[in-house]
Amino acid sequence: MLHATEIKINCRLLAPPIVKIERTIRHLMVNIVIDMPFISQVTLNGYSFENVAFHVLHERIPLYTFRTLSDWWDHRTSLNRWRTVDHYVRRCRGNVRILESVDFIGRTSELARLFGILFFSVICRGSQYRVESMMLRIAKPMNYIAVSPSIEQRALMRAPETIPLVMEPESRFYSDPVLVLDFQSLYPSMIIAYNYCFSTCLGRVSCLSEYGEFKFGATSLCVPPSLLKKLEGDIHVCPNGVAFVKSNVRKGILPSMLDDILQTRIMVKASMKRWKSDKSLGRMLDARQLGLKLIANVTFGYTSAHFSGRMPCVEIGDSIVRKARETLERAIDLVNNTPRWGARVVYGDTDSLFVLIKGATKEQAFNIGKDIVDTVTAMNPKPVKLKFEKVYLPCVLQTKKRYVGYMYESLNQKEPVFDAKGIETVRRDSCPAVAKVLEKSLRVLFETRDLSLIKRFVQRQCTKLMEGRASLQDFTFAKEYRGMKNYKPGACVPALELTRRMLREDRRSEPRVGERVPYVVVYGSPGLPLIQLVRRPHEVLQDPGLRLNASYYITKQILPPLNRVFSLIGLDVFTWYAELPRVVRVAQMSTDPGERKKGTISQYFSTMTCPVCQELTPADLCTSCRARPQLSTVSLASRMRKWERTHQHLAEICYSCCGSRDTRLGCVSLDCPVFYKLVLCTRDLKSSQHFRRILESL
DNA sequence: GGTGCGACCTAA
DNA sequence: TTAGTTAGGTCGCACC
């Protein structure tokens, strides 16, 4: 008997979500949790093995319940034992293939080499460790000693004063081109250009006397005025009043490190071009340049990590932000005040500018953009560079950090690309249906400007949902579970509530911290708080009495994000919903299991609607349809045939994936759309029996 | 019905 | 026995 082993690897780069790599063979429980930054480049809605396998390997892998696996294993004949083994072997292989396909080993080794740290440290330690490794390598030969501030010194540190500039956008629909320009690695550029470093910081200038002499206020960093006098002319004072010596006096550690990093990155990118025929070398070089970019960007974070940091320095962090802010503001002023461009900055965030060029064509916009970029780059010290990012035509600026548009990256690009930031199409706290409806509506808006088309589309989707024809998968939320202890006492959130419920059934079923817990919202007695209406997807699939809460999804999920866009062009999408005829709720029941009669499918049909014409009727068939037996027979029979065909088709798909035609002991992967369709179709097939009885009675 | 707070996720 | 940062929007709930 083998002992249970647990290998837990937790590698965090930019706080990416967790990829859960599932359990392997029964007795040998190998449990690996890896945050893979290479996978999370694509943020997924869930990180189950099946979902990751689908997105990385582009193939569906079935999931069986432990019940099913045990039944196969323990079966007296042991005829199906191979299935259990096969299932686990497939998963083990899948895990390895996922690691291979994202080149996990190769990339991690490359990062290890680059930062000069151990392979395992790349995975299990954070970015501070990397910055330190690189920084100390440069500092050591120069005879520097790094001293982490004491607790007392930390307490004395003031909070940062400057915040990055985030302009309030002019929220509206823009049919003229909007340029998006941004400063390339702005914070690292600031460090290099102005020589910001621990080793060059002199301290804070409390005031500048009228004789042009610097006076220093009380600060942890301070130099005697006599020395300052000597250095006059060799000092740079950041607008926040912190002084640094210029690089001709002493070049800082951080600036030389970042300078090296950025230069090396340019070289690596150049050799990538040269060696693009060699694929494995290309992958290595790509990993290398990404690593360089990564380390450049977290260096700023290192200086201003005053909660968890080992060597924070507010003076440096604050100066970087302040100078960056000034740089951006200067660029904004220049753009607004240069008449030949006819341009206006309508939004900006930290290092980016959104420039409206009224009445310009796409070509003109590109040309003006190039001109702006060159001018701004020229007026700043090296290596500050404003880069032409893209042109939006058209676009919508909703609020700070939320916008969408059709994007052109180059002049010869014919087809625009849908590009959204911050809105629900890219957020994982709403369900896929919301994202889909919003994206489609925006696309129609951008392509046709025909509002009636959008209205019709939205209404159709609402109707579909109200009639219960929508796919459950599209209405599934998935939120991160943070662990029992990590919620505040009064917290009442779906992920926590569901976990509590699951734990009542099975004490071992607590999700892993960081795992995404899926749920849907169902109908219930009016007045119940939302949390009472939350169900796990498979509960809804198993219990025909539970129905998706169409009015919740429409009025609280789908319409508000749409309205935030369309109210900007003077539309009220809520009226679109109000105009719709209310669909009669066929099987609306209480959510309290005690109160609810277990309704069968046949009851559902016989008491509510005529299966042929959908009219309300107390009988099997309404009187008019009973009066036309041939028509009714054709209608019912053709529907039964359709269900059977669909079922067969779906079963065939499952067979190709699971290797078994028995859909009863089948896969239960909530990440597979075929599974949902199959459940619905099986339900339809059950009502076939009822149809048959009707047919016999005709 | 406004307001404050916690949870969650994203932009940069 | 280790941890990059802040700004910002939205939702649901409790409270007044």
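Side chains included, hydrogens not; waters and symmetry mates left out as well; all remaining heavy atoms used. Here is how names work: the chains are called A, B, and so on, in the same order as the sequence lines, proteins then strands, and each is numbered from 1.
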Less than 4.0 angstrom between a side-chain N/O of [X] and OP1 or OP2 of [N], yes or no?
X: Tyr347(A); N: dG8(C); value: no
X: Arg310(A); N: dA3(C); value: yes
X: Lys400(A); N: dG8(C); value: yes
X: Ser127(A); N: dG4(C); value: yes
X: Arg402(A); N: dA11(B); value: no
X: Arg516(A); N: dC9(B); value: yes
X: Arg564(A); N: dT10(C); value: yes

Ionic contact status for Arg322(A) with Glu326(A), cut-off 4.0 Å: no

Across the strands shown, which category fits [X] at heavy-atom distances under 4.0 angstrom: base, sugar-phosphate, nothing?
X: Ser308(A); value: base
X: Pro160(A); value: nothing
X: Val321(A); value: nothing
X: Phe183(A); value: nothing

Selection from [options] that lies nearest to any side-chain heavy atom of [X]:
X: Ile531(A); options: dC13(C), dA3(C), dA12(B); answer: dC13(C)
X: Val426(A); options: dT10(B), dC11(C), dA7(B); answer: dT10(B)
X: Tyr403(A); options: dG9(C), dA7(B), dA11(B); answer: dA11(B)
X: Arg125(A); options: dC8(B), dA12(B), dT2(C); answer: dT2(C)
X: Tyr487(A); options: dA7(B), dT6(C), dA12(B); answer: dA7(B)
X: Phe300(A); options: dA12(B), dA7(C), dG4(C); answer: dG4(C)
X: Ala305(A); options: dC8(B), dA7(C), dT5(C); answer: dT5(C)

Please report, rounded to the nearest Å, how far the [atom2] atom of [N] is from the [atom1] atom of [X].
X: Tyr519(A); N: dA7(B); atom1: OH; atom2: C1'; result: 10 Å
X: Met167(A); N: dA7(C); atom1: CE; atom2: C1'; result: 16 Å
X: Gln398(A); N: dT10(B); atom1: CD; atom2: C1'; result: 13 Å
X: Ile316(A); N: dG4(C); atom1: CD1; atom2: C1'; result: 15 Å
X: Glu480(A); N: dG6(B); atom1: CD; atom2: P; result: 18 Å
X: Ile423(A); N: dT10(B); atom1: CD1; atom2: P; result: 13 Å
X: Tyr302(A); N: dT6(C); atom1: OH; atom2: P; result: 16 Å
X: Glu424(A); N: dC9(B); atom1: CD; atom2: C1'; result: 11 Å

task: Would you give the length of the straight line joining atom CZ of Arg516(A) to atom OG of Ser48(A), rounded to the nearest 0.5 angstrom?
output: 11.5 Å

[X] vs [Y] aromatic rings, parallel, tilted or perpendicular, using cut-offs 30° and 60°?
X: Phe354(A); Y: Tyr347(A); value: perpendicular
X: Phe477(A); Y: Tyr553(A); value: parallel
X: Phe104(A); Y: Phe119(A); value: perpendicular
X: Tyr302(A); Y: Phe198(A); value: perpendicular

query: So, does the side chain of Arg428(A) form a donor-acceptor pair with the base of dC9(B) at under 3.5 Å?
result: no

- request: Establish, from distance only, whether the side-chain atoms of Tyr392(A) and Asp419(A) form a donor-acceptor pair under 3.5 Å.
  value: yes

- request: Please tell me which of Cys492(A) and Thr399(A) maps to the more 5' nucleotide of DNA chain C, matching each residue to the nucleotide holding its nearest heavy atom.
  value: Thr399(A)

field: Pairing annotation in dot-bracket form, given for DNA chain C with Watson-Crick or G-U pairs under 3.5 Å and | for cross-strand partners
entry: ....||||||||||||

task: Give the intermediate values and the outcome of side-chain hydrogen bond (donor to acceptor under 3.5 Å, both in side chains) for residues Tyr47(A) and Glu515(A).
output: CA-CA 7 Å; Tyr47(A) 292 84; Glu515(A) 195 171 316; over 6 Å; no

message: Using a 3.5 Å distance criterion without hydrogens, assess whether the side chain of Asp318(A) forms a donor-acceptor pair with backbone atoms of Thr162(A).
response: yes

query: If the C1' atom of dG4(C) is compared with that of dA12(B), how far apart are they to the nearest Å?
result: 13 Å

